[in-house]
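Heads up, the thing below is written out as structure tokens.
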Number of protein chains: 2
Amino acid sequence: MLNTPVTSKQPHSVPTIKDVAKAAGCSTATVSRALATPEKVSDATRKRVNQAIAQVGYSPNIAARNLRRAESKTIVALLPDISNPFFSEIISGMEDVAHQAGYQILIGDCEHDPARAEAYFRLLSTNQADGIVLLTSEIPRALVKQADKQADFPLVMACEFFSDIDLPLIAIDNHQASAQAIDYLVSLGHQRIATLSGPAHNPICQERNRGYRDTLAAHQLSNEARIAEGNFGFRSGYQQGLALLEGKTPRPTAIFCHSDEMAVGVLKAARQLGISVPDQLSVVGFDNIGLSEYCDPELTTISQPRNEIGQQAMQLLLHLLRGEQPIRHQTLSSHLIVRKSTGRLKP
Amino acid sequence: MLNTPVTSKQPHSVPTIKDVAKAAGCSTATVSRALATPEKVSDATRKRVNQAIAQVGYSPNIAARNLRRAESKTIVALLPDISNPFFSEIISGMEDVAHQAGYQILIGDCEHDPARAEAYFRLLSTNQADGIVLLTSEIPRALVKQADKQADFPLVMACEFFSDIDLPLIAIDNHQASAQAIDYLVSLGHQRIATLSGPAHNPICQERNRGYRDTLAAHQLSNEARIAEGNFGFRSGYQQGLALLEGKTPRPTAIFCHSDEMAVGVLKAARQLGISVPDQLSVVGFDNIGLSEYCDPELTTISQPRNEIGQQAMQLLLHLLRGEQPIRHQTLSSHLIVRKSTGRLKP
DNA sequence: CGCTAAAATGTAAATGTTTACATTCAAATT
DNA sequence: AATTTGAATGTAAACATTTACATTTTAGCG
């Protein structure tokens, strides 16, 4: 009779910690310790255990571990729309530190559907997730309110926030970023500066619009304020761009957009109307996505430190999970990147 | 003493199936059955159980369920790079049918790092995932080979594939799609048609390049074949575009790109060199991402039914998981969308 | 060498489900 | 009325870990 390399009785049965224990000549407890807290096990046994693990081809059953430890090592990243490229680098940043700490990221695409968001929140109570990073304010407020009540509900926000609910937050100063863009446009000589905002109910857009208004006021341009509303996407940029540029009211000479996609939409609208950018119209975007260097003209835009936002948000959440009392609010700095879509008017 | 609404002894302890059983006056088995197989339980008890569930605020502990059932209801979607917008709609399609069937999707971003891919494959053996949809061929071949050996390893591919390993696959006919693009360019009168390919070792690119060569040959243009290699991104499109357009060899009059991002990169290169598109150069992209309608000029491109690819891939995987013998290969149809970046030469 | 403390290991309970098997009960059949 | 059947329910084992507690071993020290 030949010796089979694997010594399990049942053919095809997945090796468990018991098999390892048997092979290493110790108890399952020791194997478990050798894995979780190697320093509590003698060098000799640790070595034997590791050999045994390799020999039988063991990998721990995570469901059992999760059950026993009452955790899942999974973090949900809740976003409004997975197709928005703005989020991918944030996710990358989150993954970096999450993996480092032995956590997984589950990407939750809400698709603007409240039921989806609710389903993802429910993962917490069923032990399928340990925490949530919330990257959208477009979810049922009830969910958040409830979470906020529990003292240490593992929830942090990144980029977006709620104006009336104070949650741990990693974000840039949207008011200031907006002000910087407007200041810059004014410095180029622009007076009729319009804003193409994201959804009006979105707090970050409200922030940016306050920054816009405040800065216009500071330059005595308040009565030039004009805000159009889009949804961050190409199409709404194009449509609202057309509306802004072909209306009967005196045409704006600059448009500040709350996303790069909308800015590119505005570029298309301007092209279609024979308005040259930047000679007759300046356009500023927001986010500095990859595209902004490759559109025509290259886009002046506000850059957010996306990777860092993701990293810090995850750090913050991990602190929360460890029961620590971290700094609940971090403001990261954005900066204006000047490219070719802005300039002085050339009549 | 006041009655608390929740009748648990331990404060804050999460209610389990036992609490429900107690409240409903039945055994845990019955509660479990009422949830999993309601038809095996009398109407009266089912009602009592549901009331009890609502009353104690029970939701099942999924880790325990997964342990007992030896499944995770989680599917891994493995992709090369999450920031490529091409994938987001495929993911959406996958999620639609996955959620329908009670499965979750875990997005695995490999970032071209073999270790990452391996980690995601390992989820299968640790019971953290039930199956994999593989959207990249850029992973260690050993992993796939090994999976292929096991008769019913729950793995399907979508879009991408391996030339030498026969796995279940949902994809378009890349050879034909490529041929269609080239035929169209030839019909416009182009003779010097270059291809800006994705990575040369990528089977779908090889397929497309075969389609390119075969079609040139069919038109007696074989000696005009010229293939540059990029990596699907904007930057490589721009760089290779410059190289193709400013070289000493006679300049191509059309460039067929393996991605829209690269095509937009080529547009930038052409702009920079003062080559007008489409009058002096035609450009064709691939994938029809959102951007292609908003760049200048709007991009002629090949559209893949991304949502459907995602749905079908998930369907296929679900069949596999149910132990059925599904059709292992499905070819979906792509089509050419003609916009403004292609035309006859105007000298 | 005997004693104590610390380190290493083992035993067994606990985690929350599901499900095979056993039991009960009511209705249907003789 | 006795028997059979099938449905409804209950009992308890099983899933693969972790860990509190108990026990054994080792080292240290006078």
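Values below: all heavy atoms of this structure, side chains included; hydrogens, waters and symmetry mates excluded. Letters A, B, ... are given to chains in the order of the sequence lines, protein chains preceding strands, and every chain is numbered from 1. A quick note: this is a predicted structure, and the numbers were derived from the prediction, not measured.
Applying the salt bridge (Lys or Arg N to Asp or Glu O under 4.0 Å) criterion to R48(B), with sequence neighbours excluded, gives no partner residue. Not counting sequence neighbours, the partners of E324(B) by the side chain to side chain contact (heavy atoms under 4.5 Å, CB included) test are H319(B), R322(B). The side chain to side chain contact (heavy atoms under 4.5 Å, CB included) check on T136(A) picks up P80(A), L134(A), E138(A), I139(A), with sequence neighbours excluded. Among residues two or more places apart in sequence or in another chain, the side chain to side chain contact (heavy atoms under 4.5 Å, CB included) test is passed with P140(B) by P114(B), A117(B), L143(B). Judged as a side chain to side chain contact (heavy atoms under 4.5 Å, CB included), and not counting sequence neighbours, K47(B) has no contacts. The salt bridge (Lys or Arg N to Asp or Glu O under 4.0 Å) check on R306(A) picks up E89(A), with sequence neighbours excluded.
Rounded to whole Å, atom P of dT9(C) lies 20 Å from atom NZ of K22(A). Rounded to whole angstrom, the span from the CG atom of L35(A) across to the P atom of dT18(D) amounts to 7 Å. Atom-to-atom, CD1 of I62(B) to C1' of dT18(C) comes out at 13 Å; the value is rounded to the nearest Å. Taking atom CG of residue L67(A) and atom P of nucleotide dT18(D), one finds them 11 Å apart after rounding to whole Å. Straight-line distance from the NZ atom of K18(A) to the P atom of dG10(C): 15 Å, rounded to whole Å. Between the CG atom of N66(B) and the P atom of dT17(D) there is a distance of 14 Å, rounded to whole Å. For the pair I53(A) CD1 and dT17(D) C1', the computed distance is 13 Å after rounding to whole Å. With rounding to whole Å, I17(B) atom CD1 is found 14 Å from dT15(C) atom C1'.
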With a cut-off of 3.5 Å and sequence neighbours excluded, list every side-chain donor-acceptor pair involving residues 96-105 of chain B.
none

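Within 4.0 Å of T30(B), counting heavy atoms only, lie sugar-phosphate atoms of the nucleic acid but no base atom.
The shortest heavy-atom contact between G57(A) and P15(A) is O-CG, 3.3 Å.
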Atom pairs under 3.5 Å, N or O on each side, protein against nucleotides 20-23 of chain C: can you list them with distances?
none

Protein N or O to nucleotides 5-8 of chain D N or O, pairs below 3.5 Å:
none

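Looking at the side chain of N61(A), the nearest of the listed nucleotides dA16(D), dG16(C), dA13(C) is dA16(D). For R69(B), whose side chain is taken as the heavy atoms from C-beta onward, the closest listed nucleotide among dA14(C), dG10(D), dT18(C) is dT18(C).
At the phosphate of dA16(D), neither OP1 nor OP2 sits under 4.0 Å from any side-chain N or O atom of T16(A). Taking 4.0 angstrom as the limit, R65(B) places a side-chain polar atom (N or O) nearer than this to OP1 or OP2 of dT18(C).
Residue pairs satisfying the side-chain hydrogen bond (donor to acceptor under 3.5 Å, both in side chains) criterion with at least one member in residues 154-167 of chain A, sequence neighbours excluded, are listed as follows: S137(A)-E160(A), R141(A)-D164(A), E160(A)-N202(A), D166(A)-R328(A), D166(A)-H329(A). Residue pairs meeting the side-chain hydrogen bond (donor to acceptor under 3.5 Å, both in side chains) criterion with at least one member in residues 57-77 of chain A, sequence neighbours excluded: S72(A)-D130(A).
For the pair D19(B) and K22(B), the salt-bridge criterion is not met [side-chain N within less than 4.0 Å of a carboxylate O]. Ionic pairing of E39(B) and R46(B) is not present here: no N-O contact between side-chain nitrogen and carboxylate oxygen is shorter than 4.0 angstrom.
Each end of the helix from dC1(C)-dG30(D) to dT30(C)-dA1(D) gets its own axis, taken as the rotation carrying the C1' atoms of four end pairs onto the next four within a five-pair window, and the two axes meet at 40° to the nearest 10 degrees.
Interface remark: the R68(B) side chain does form a donor-acceptor pair with the dT18(C) base, using a distance-only criterion of under 3.5 Å.
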